Every structure is written in C-alpha cells, then in structure tokens.
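What follows is a short report on a single structure.
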Number of protein chains: 2
Amino acid sequence: MKSQIETTKPDPLENRWYNDACGTALALEFAGERWSLLIMRELMLGPRRFSDLRASLPGISANILTMRLERLRVLDILRRRQLDPPANVQVYELTPWGHEAEPIFQAMSRWALRSPLHDPTLPLTPVSAMLSLRAMLRPDHSAPPMTAGFRFGRDMFISELSGSNLHIRRGKPDVVDIEFDTDTTSLVRLVYGKQPLEALERQGLLTLKGDRAVAKVFVDCFELPAHVS
Amino acid sequence: MKSQIETTKPDPLENRWYNDACGTALALEFAGERWSLLIMRELMLGPRRFSDLRASLPGISANILTMRLERLRVLDILRRRQLDPPANVQVYELTPWGHEAEPIFQAMSRWALRSPLHDPTLPLTPVSAMLSLRAMLRPDHSAPPMTAGFRFGRDMFISELSGSNLHIRRGKPDVVDIEFDTDTTSLVRLVYGKQPLEALERQGLLTLKGDRAVAKVFVDCFELPAHVS
DNA sequence: CTGTATCCGTGTTGATACTG
DNA sequence: CAGTATCAACACGGATACAG
C-alpha cells in the first residue's frame with residue numbers, strides 16, 4: 001500500500017490513526033495510545049528518570065515505555081535531558097507545550113471521579129495525588145493564602161495555596177505553614193474521604209507538623225465531585 | 001492467573017487496565033480504548049444511529065463499534081433507545097453524565113490544535129465542526145447575542161451565541177439571524193482560516209443567508225489557538 | 001436497510017530475558 | 001540503570017454472513 005520504502009525505525013509521525021481535522025482526534029493521535037497520557041501525568045511536576053516512570057506506572061513494560069517516550073519526544077511533547085555532572089543521569093521532562101496538557105487531566109479527573117466505579121482505595125502515585133489537589137480545589141473556598149508541604153517517602157512537594165490557585169513544586173518542605181508526612185492513600189482518605197486527621201495520626205498513617213487548625217482549613221479546600229445517580 | 005471461570009461474554013467492567021485511583025487513569029479505563037472518545041464526541045449533539053456513527057468514524061469496523069457501544073452502555077456513559085413509532089429505529093444517546101465529558105474534548109482540542117502537525121484540510125464531521133466552535137469561542141469577544149444556522153447537507157444545527165456561551169442543537173434553521181449552507185471544511189476555512197466569506201461564496205462552497213455584516217461579526221468570535229514554537 | 005456475529009490476516013502489546 | 005530482543009497473546013480492521 002505504502003509507496004514508501006519501509007524504514008527500520010518506523011517514524012512515529014506518519015502513524016495517523018484517525019483521518020480527522022478534529023482537535024480531539026489529533027490529541028488522540030498524539031497521546032491516545034495506551035500509557036501515553038499517564039506518562040505525561042507523571043512528568044507534570046518535574047523531570048523523572050526512566051526507572052522512576054517505570055515504577056510509577058505499574059504494569060508498563062520497558063519496551064512499551066521506550067516506545068512511548070520516543071513517540072512523545074518526536075512529537076515535541078517531552079524532551080530527554082542529560083543532567084549535569086556529577087549526577088550525569090538522563091531524565092525526561094515535558095516541553096512547555098507538554099505542560100499545557102494539564103487541563104486534559106483536570107477535565108478527565110473531574111469527569112471520571114463522578115462514576116460510582118471509582119475506587120479510592122487503589123494505589124496512587126505521589127504525582128497524581130498532588131495533581132488531584134489542583135484539580136479538586138473548590139472554586140468557592142475561602143481559605144487564606146498558605147503553604148503546605150508533603151512528604152511521601154522520598155517524594156516531597158511544596159504547595160502554595162492562594163485563592164483559586166494551587167502552585168505545586170517538588171522540593172523539601174522547609175518553611176511551610178503545615179506539613180504532612182504520609183502516604184498517598186492516607187492523604188486521599190484525609191482530603192477526600194474526610195477522615196479525621198486525628199484518626200489517621202492515631203493509626204500512625206500520617207504525621208502533621210504545624211498548626212492543626214490551619215491543616216483543617218487546608219483540607220476543606222478540596223472536594224471530590226459528587227457521584228452520579 | 002484469574003481464578004474466575006471465563007465467561008462467553010467478557011464483562012466490560014472487569015477489564016481494569018491501570019490499577020490506579022487517579023481520575024485520569026479511571027477516565028482512560030472508561031473511554032481510553034481506541035474510538036471510544038470519538039464515539040462520545042459524535043453523540044455530544046444528540047442521538048445517532050449505528051450507521052450514522054459508522055459513517056462519521058471513517059475506519060471503524062462494525063464489530064469494533066458494537067463492542068465500544070456495549071462497553072459505554074454498561075458504564076452508563078450512553079444508552080440505547082428505541083424511537084417511538086413510526087420511526088421505530090434505535091439510537092444511541094449519551095446519559096447526562098456522558099454529556100459531562102465535553103470539557104475533555106475542549107481541553108484536548110485546545111491543546112492538540114497548537115501543534116504544527118494540525119492539518120485543517122483533513123475531513124471533519126459536522127458534529128466536530130460544531131463542537132469546535134464551542135471550544136474555540138474567544139472569551140473576549142464582544143458580539144451581541146445572535147443565532148446562527150448551519151446546513152451541512154442533511155446535518156443541520158442551530159446555534160445561539162450569548163456572551164461566553166454558545167448553545168448548539170440539531171434542527172432545521174428556520175428563524176436565525178444568519179445561516180450558512182456549506183461543508184465542514186469550508187466552514188473551517190472561513191472561521192479559523194479567516195478566508196474571506198466572499199471568496200468561498202464565489203467558489204460555490206458556501207451560501208450565506210442573512211446579514212453579511214452580522215456573519216462577519218459571528219465569524220470573528222472564534223479563534224484557533226496559536227501554534228507552538 | 002439496520003445492526004450484530006464470526007472468521008481471519010496483521011499489527012500492537014506486554015512479560016521475560018538479556019545487554020551495554 | 002537504561003534500555004533492547006524475542007516471542008506469545010491479544011486487539012484491530014476487513015470481509016462476509018446472518019438476523020430483524
């Protein structure tokens with residue numbers, strides 16, 4: 001069929017699945033293959049290494065991850081970068097345009113979490129837990145600006161809440177108003193399950209530093225969408 | 001691996017691809033298979049028949065369409081409905097929750113169309129053309145409220161522009177301020193390519209009814225996002 | 001005519017093992 | 001650690017046949 005000589009490495013760009021000028025179809029051609037969007041999600045809060053990604057995406061196999069990364073790279077959604085010595089490792093990071101995909105994740109989350117099939121006890125990566133906060137920030141909350149730190153083992157984040165904006169970056173939470181040291185599932189139970197802070201602390205699932213009242217104000221800024229039917 | 005006896009009809013619900021509490025992963029389990037989102041897109045502006053869908057989704061095969069429809073039905077994203085006599089045909093229509101997926105399409109479109117790989121000359125279905133108008137409505141436009149009708153052969157729509165809202169429904173455009181009789185590609189050239197109305201009319205690609213000045217105001221309410229880099 | 005089911009060739013996916 | 005190679009299983013798309 002193709003008049004073109006077959007190349008050893010198939011060009012990811014000529015693989016057009018849908019022949020459609022529609023933006024949705026185009027997005028699906030870019031990132032509609034299995035795993036692609038989840039890889040992008042894991043990169044939304046900063047560069048990651050190959051093995052980080054593999055560990056965060058339970059079930060993906062190495063060859064598929066390689067293929068997806070290569071395709072996303074060719075499409076200019078992400079880049080591969082060699083870290084300066086002495087680290088000297090390579091990481092994958094989103095391009096500015098890749099970062100602009102975040103509204104897709106927010107729209108998908110807000111829609112899908114309304115299903116009664118959502119199971120909040122399933123595991124969650126630190127990145128998706130943090131991104132979910134941004135997606136589920138109540139537009140009508142009235143909390144004052146504050147900073148909150150999160151420690152999920154080695155993964156640490158600093159978030160700055162200010163009005164309808166929640167800025168998130170990786171980093172050791174040094175000077176923050178409140179700091180949670182926990183795992184992602186417990187954070188979900190606290191923030192979305194409205195499980196009492198004290199109960200989680202008593203079970204040893206969460207440690208809070210900072211003002212307890214401020215922490216409760218923070219938690220109340222977030223809300224899962226209501227289930228359908 | 002599975003301790004369960006295999007059923008003749010595999011339950012679409014037990015097919016969990018990603019084991020992840022993240023909303024994005026859940027959305028991808030619901031609608032991440034090939035074609036699913038495009039089927040939903042085609043239903044966003046009203047019920048369609050099996051053969052309508054098949055014709056709108058060039059490349060899908062009948063068995064795949066059947067499988068996707070069944071899965072979306074079980075998930076309560078769409079329903080199958082028997083039209084009253086004398087029509088007596090069955091149609092597929094989104095549930096209210098299915099309709100709530102529209103922000104996903106908007107986010108995907110706005111993101112993907114910024115790629116230089118977007119080819120606006122590819123074919124476009126009437127539904128995606130109309131939906132794109134809603135996605136690409138400039139938030140800062142200052143046009144007064146107006147109604148615009150669209151005829152793409154048998155597919156007819158009425159849109160009501162009012163501030164930042166563009167309501168769209170199927171229907172014969174009877175009492176509208178302006179009416180376009182054209183094909184989707186020409187509409188794209190007019191609205192996003194900013195090709196002059198008169199040029200398209202001269203080529204016989206478009207017929208306008210109503211006030212020409214109003215039509216130009218309408219067209220200027222829409223804008224494609226700028227390409228990256 | 002509308003929609004569904006079955007068969008089959010092909011390409012994609014993913015688990016395992018392996019290499020620089 | 002960061003991938004590559006191999007191979008089996010599955011999903012896809014096309015054709016065809018079937019049912020209302």
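Residue numbers start from 1 in every chain, and the chains themselves are labelled A, B, ... in the order their sequence lines are given, proteins ahead of strands. All values derive from a computational prediction rather than experimental measurement.
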**OP:** For A/T66, answer base if it contacts any base atom (sugar-phosphate contacts may also be present), sugar-phosphate if it contacts only those atoms, and nothing otherwise; contact means non-hydrogen atoms under 4.0 Å.
**Re:** base
Subject >> Most 5' of A/Y92 and A/N63 on DNA chain D, judged by nearest nucleotide >> reply: A/Y92
Subject >> side-chain N/O A/R49 vs D/dA2 OP1/OP2, d < 4.0 Å >> reply: yes
Original post:
Roughly how far, to the nearest 0.5 Å, is CZ of B/R68 from CZ of B/R34?
Top reply: 9.0 Å
Subject >> Nearest-angstrom distance from the residue atom CZ of B/F50 to C1' of C/dT4 >> reply: 7 Å
Subject >> Integer-rounded Å distance: C/dT13 P and A/W35 CH2 >> reply: 12 Å
**OP:** Using atom CG of A/D52 as one end and atom P of D/dC1 as the other, report the distance to the nearest whole Å.
**Re:** 9 Å
Original post:
Could you state the CG-P distance from A/L57 to C/dG14, rounded to the nearest angstrom?
Top reply: 11 Å
Original post:
Please give, in whole Å, the distance from D/dG3 C1' to A/L69 CG?
Top reply: 10 Å
Subject >> Under 3.5 Å donor-acceptor, A/W97 side chain and B/W111 backbone >> reply: yes
Original post:
Given atom CD of B/E33 and atom C1' of D/dC12, what is their separation to the nearest angstrom?
Top reply: 11 Å
Original post:
Which one of A/T95, A/I77, A/L53 satisfies the side-chain contact (heavy atoms from CB on, under 4.5 Å) criterion with A/L43?
Top reply: A/L53
Original post:
With respect to the side chain of B/Q90, which nucleotide from C/dG3, C/dG14, C/dA5 is positioned closest?
Top reply: C/dG3
Subject >> Side-chain (A/E42) to main-chain (A/V127) donor-acceptor, under 3.5 angstrom >> reply: no
Original post:
Is the distance from OP1 or OP2 of C/dG14 to the nearest side-chain N or O of A/R34 less than 4.0 Å?
Top reply: yes
